[in-house]
Number of protein chains: 2
Amino acid sequence: MGNDLDAGTPTDMGERPTLRTVAQATGFAVATVSRALAGDPRIAEATRAKVAEAAKRLGYVPDRAARRLRTGRTQVISLLLNTEHEFLGFTHEVLSGITEALAGTGYAVTVVPDSPGEDRLAPVRTILRNNLADGMLFTRTEAFDPRVRLLMEADFPFVSHGRTEFTTPHPWVDFDNEAFARAAVERLVAKGRSRLSLVLPGEQFTFTQHLRYGFVSAARAAGIEYEIVAGVTLDSPTREIAEALTQARRGPTPPDGYVCVGEVTAMVTLAALADTGAVHGVDADIVAKRASPIFDNIRPRIDTVFEDLRATGRTIAGMLLRRMAGEPPEGLNMLFHPDPPR
Amino acid sequence: MGNDLDAGTPTDMGERPTLRTVAQATGFAVATVSRALAGDPRIAEATRAKVAEAAKRLGYVPDRAARRLRTGRTQVISLLLNTEHEFLGFTHEVLSGITEALAGTGYAVTVVPDSPGEDRLAPVRTILRNNLADGMLFTRTEAFDPRVRLLMEADFPFVSHGRTEFTTPHPWVDFDNEAFARAAVERLVAKGRSRLSLVLPGEQFTFTQHLRYGFVSAARAAGIEYEIVAGVTLDSPTREIAEALTQARRGPTPPDGYVCVGEVTAMVTLAALADTGAVHGVDADIVAKRASPIFDNIRPRIDTVFEDLRATGRTIAGMLLRRMAGEPPEGLNMLFHPDPPR
DNA sequence: CAAGGGATTTATAACGTTTCAATACCCGCA
DNA sequence: TGCGGGTATTGAAACGTTATAAATCCCTTG
C-alpha cells in the first residue's frame, strides 16, 4: 500500500473522499462504485465486497448535497415547532424521541417555527414548494387541519400528532385524551367529589373535543355536576387562568374536583386553591396529566396520569420513516392509552 | 406577456423555476441571472432590476442542494441537543429563540442528539467530516470543552452557551451565574438566614464553578455557614436529590436558606421542606433561578431570578451568523446579567 | 480610422451523485 | 470460426448552481 504517488490526482489525502476516490482506489469506474455501494444485484458479488472494503477503509460517506441534487430526495425531516410559550418538557421530550428514532437512518431533523397566530400553512407551503424535506411532523392538530389537507393533496409524507376528522386516512399518533378525561373523572368521583371543573385547550384542536367528550360523558354517567371553565384556554396566560379559577372558587358552589390537562394548569389550580383558603385533599382534589417526573416533587402530592412524550416522538418519527418508504397510510396509526392514574 | 409558446422547453409551467427559467424569461444568460440575483455590481443596474422582477414574478427560489454542492456552504446550523431528561422549558425556549433569529436568513436549524454519557465529540466530528453544517451551537459547556478545542482547531464557526477557560478567544453567550449565586445569598442573608445550602450541576461544567464561587464567596463575606450538598448533582434523579435534602434537614443544624439553580430543584426543595415538617418562609427560605413563568403559580411563592432563555437562543444564533459572516471571535461574547431577585 | 479599454455579458467547467444506454466480456452452441 | 445472449462494467449526461476566463459591445482617444 504505502503512499500512492502514482495517483497524482488533485484529490489528495486529507480531502474528503468521493466516489472518484473509491473508484481510483479499486480500479472500477465511478458508476460501478455507486451501484456497488447501493447494493445493486447487477454488480458482481466480488466487486461489491471489494468496493465496500475500500469505501470503509477510505472513510467514504456520500455527499448529501450531490445526492440531493441528483435524486431530489433531501434526507431531511421537518418538525413544525409551535413557538408559543410552553413550560414543561413537551418539545424536549418529543424532539429527543424523534432524534432517537432517526439515529443511524441518515435523516436529519430540521426545526421550523410554526407561529400560532400566523398562517399555519405558510411554513408547509415553503417546504413543499422549495423541496426542503422528504417528510413532515407536527403537533396541535385541528379537526380539519388545513396542513393535513394540503399535504394529502400534495401526497407528501407526514405524520400528525393528533387525529383529524377527515375521512381520507392519514398517518397519526395520538394519546387517548378521552380515556384520560374519563379516568380522571372516575378517579375524582371515587374520592367522593361531585362538582368537577376542567380548563380546555383551544376549541380548534381535535384533542380538545376528545377531552370534552370524555369529561362530560363520564360526569353525566356518574350523575354529578361539572363545568368547563369559560373564557380561558390552556394557552391563555397563566394569570388569566388563575383569575378564572379563583373567581369560580369564590362562587356559591365552588368545584371540589379538578381535571388538569397539563402540569402548568395543575400548578395554577393548586395556587388557586391555596389563595382561596382551600386545602387540597380536603376541600378539593386534582387529577392531572403528567409528561415529566416533576409531579413526584410537588407537595401536596396530586394524582397524575402519565403521557410518554418521548415514546410519542419515537413513534411519529418511526411511522414517518415507514410512510416515506412507501407504506400506505391506512395502517399507520397509533393511539397511546393512559396508564391507570396513581 | 401571454403564453410563451415559443419556449417549447421541457421546463413547463408548474415545474419549480430554476435559473434557466428566469434566464429564458428575461433573455439573459444563466450566468448573468445568477450574478444579477447575487447583486454583483458588474451587472448593469437595468439588468439587475429586470432579472429581479422576473425572478419574483416566477417565484424563483434558489435550489439549496445545487448551491450547497457548488459552494460547499450548507446553509445549515446544527444545534447539539442534550437528550437527558429535562423538565422545564430550556430546550423549547432556546430553540424558539434560535429559530426567531434565523427567520428570513435562509439558514435551517438541524437538531443533533448529544448523548451525555457518550463521546461528546462524535457528533461534532461527524458534522465536520461530512460537512453537514456551516456553524454549530451547543450548551452545557465545560471548562476545557473538547468540542470547543476541536472546533477552534478546525476553524469552524460556533457559539457555545457557556464560557470555557481556554486562553484563545471564542464566541460565547452566558448567564452570569456567579452574580446570580451571590445575589441569591445576599437575598437570603437579608432575610436573616445563616445556614445556606446549594445543589450544584456536574463538576465538569464551567457554570458550576461560577455558581460555586459566587455562593461561597458571598456566604463567606456575610460570615455565615454554607454547604454544598454532597453526592448529588442537578442531573441526579430527583428522587436522589430529594433524599439528600431530606437527610440534611434531619441533621442537628438543618439549613435555613436554599439557593436553587433550577425550577426542578426548587420544587424538590419545597417538597423536602414539607416532608420534614418545615414551613417555607418560617423555617427556611428559597431563592431560585427561573426560566419560565411557572413560579408565578407556585404556592408558597418563592423568590426567583429570571434567566431569559429565549433571548439567549436569539443571541447565540445571531452571534453565530456574525461569526459565519467572518467577524473575528474577539468581540463575540455576551454575558446576561440577572435581574434583581423578586 | 484603428486601436485601446472599460463596461457588460456569456460560454463553459466544475461540484458529487445517480441512471440511461451502450459497451466489453465470456460462454456455449451452431 | 462466428454468433447469439446473458453477465458485468462503463461512459456520459444530468440535477441547478457559481466562478473562471473569455467574448462582445460601445465609446473614447491618438
Side-chain angles (χ1 to χ4, degrees), chain A residues 9-12 14-52 54-55 58-76 106 129-132 134, chain B residues 9-12 14-52 54-55 58-76 106 129-132 134:
Chain A
T9 61
T11 312
D12 253 35
E15 291 295 309
R16 198 162 121 72
T18 73
L19 281 182
R20 226 178 82 237
T21 321
V22 180
Q24 285 172 339
T26 55
F28 291 106
V30 168
T32 309
V33 173
S34 173
R35 284 221 158 86
L37 290 174
D40 191 318
R42 293 178 304 175
I43 298 295
E45 187 70 34
T47 307
R48 288 220 294 273
K50 253 183 271 179
V51 169
L58 295 168
Y60 168 76
V61 177
D63 181 88
R64 297 177 89 88
R67 180 175 275 180
R68 174 170 173 174
L69 176 60
R70 177 61 231 238
T71 65
R73 264 166 284 126
T74 63
Q75 298 275 97
V76 165
R129 184 150 35 78
N130 301 342
N131 188 220
L132 300 182
D134 297 337
Chain B
T9 61
T11 312
D12 253 34
E15 291 296 308
R16 199 161 119 73
T18 72
L19 280 183
R20 225 178 83 235
T21 321
V22 180
Q24 284 172 342
T26 54
F28 290 106
V30 168
T32 309
V33 173
S34 172
R35 283 223 158 82
L37 290 173
D40 191 317
R42 292 178 304 175
I43 299 294
E45 187 71 34
T47 307
R48 288 220 294 270
K50 253 181 271 180
V51 168
L58 296 168
Y60 169 77
V61 178
D63 181 89
R64 298 177 89 88
R67 182 176 273 181
R68 175 169 172 175
L69 177 59
R70 177 61 231 234
T71 65
R73 264 167 282 126
T74 63
Q75 298 273 97
V76 165
R129 183 149 36 78
N130 301 342
N131 187 219
L132 300 181
D134 298 338

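It should be emphasised that the depicted structure is a prediction, and the values quoted were computed from it without experimental measurement. All chains are named by letter (A, B, ...) in the order of the sequence lines, taking the proteins before the strands, and each is independently numbered beginning at 1.
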Pairs under 3.5 angstrom, nitrogen or oxygen only, protein versus nucleotides 24-27 of chain D, please.
none

Q. Which part of the nucleic acid, if any, lies within contact of Thr71(B), taking any heavy atom under 4.0 Å across all strands shown: a base, the sugar-phosphate backbone alone, or nothing?
A. sugar-phosphate
(Q) From the set dT10(D), dT18(D), dG16(D), return the single nucleotide nearest to any side-chain atom of Thr32(A). (A) dT10(D)
Q: Quick one: closest heavy-atom pair of Leu37(B) and Ala52(B), and the distance?
A: CD2-CA, 4.4 Å
(Q) Tell me the interatomic distance from Asp63(B), atom CG, to dT18(D), atom P, rounded to whole angstroms. (A) 10 Å
Q | Closest approach of Ala25(B) to Leu58(B) (non-hydrogen atoms, all atoms of both residues) | A | CB-CD1, 3.9 Å
Q. Roughly how far apart are Gln24(A) CD and Thr18(A) OG1, rounded to 0.5 Å?
A. 8.0 Å
Q) dG16(C) P sits how many Å from Gln75(A) CD, rounded? A) 18 Å
Q | Option among Thr26(B), Val33(B), Thr32(B) that satisfies the side chain to side chain contact (heavy atoms under 4.5 Å, CB included) test with Thr47(B) | A | Thr32(B)
Q.
Reading DNA chain C from 5' onward, which residue's closest nucleotide shows up sooner: Ala65(A) or Ala29(B)?
A. Ala29(B)
Q) Once you round to the nearest 0.5 Å, how far does CG of Asp63(A) lie from CZ of Arg16(A)? A) 5.0 Å
Q) Rounded to whole angstrom units, what separation is found between the CG atom of Asn130(B) and the P atom of dT17(C)? A) 11 Å
Q) Picking from dG16(D), dT17(C), dT18(D), which would you name as closest to the side chain of Tyr60(A)? A) dT17(C)
Q. What nucleotide among dT17(C), dC15(D), dT18(D) has an atom nearest to a side-chain atom of Val30(B)?
A. dT18(D)
Q. Between dT19(C) atom C1' and Arg68(A) atom CZ, what is the distance in whole Å?
A. 20 Å
**Q.** Distance in Å, Arg64(B) CZ paired with Leu132(A) CG, rounded so as to fall on 0.5 Å steps
**A.** 5.5 Å
Q) How close do Asn131(B) and Arg68(B) get, heavy atom to heavy atom, and via which atoms? A) O-NH2, 3.5 Å
Q: Whole angstrom is fine here: how far is it from CG in Leu19(B) over to C1' in dT18(D)?
A: 9 Å
Q.
Please find the pair of heavy atoms, one from Asp40(B) and one from Arg48(B), that lie closest to each other, and give the distance.
A. O-NH1, 3.1 Å
Q.
Rounding to an integer number of Å, can you tell me how far Phe28(B) CZ sits from dA11(C) C1'?
A. 16 Å
Q. Counting only distance, no hydrogens or angles, is the base of dA14(C) paired donor-acceptor with the side chain of Arg70(B) under 3.5 Å?
A. yes
Q: Report the distance from atom CZ of Arg20(A) to atom P of dT18(C), rounded to the nearest whole Å.
A: 16 Å
Q | Distance-only donor-acceptor test, Arg35(A) side-chain atoms vs dT10(D) base atoms, 3.5 Å | A | yes
Q) Does Ser34(A) put a side-chain nitrogen or oxygen below 4.0 Å from OP1 or OP2 of dT18(C)? A) yes
Q. Taking DNA chain C as the partner, which of residues 36-49 of chain A come within under 4.0 angstrom of it by heavy atom?
A. none
(Q) Expressed as a whole number of angstroms, how long is the span from Asn131(B):CG to dT17(C):P? (A) 12 Å
**Q.** Minimum heavy-atom distance between Gly59(A) and Pro17(A), given as atom pair plus value
**A.** O-CG, 3.6 Å
Q | Shortest non-hydrogen contact between Ala54(B) and Val22(B), atoms and distance | A | CB-CG1, 4.3 Å
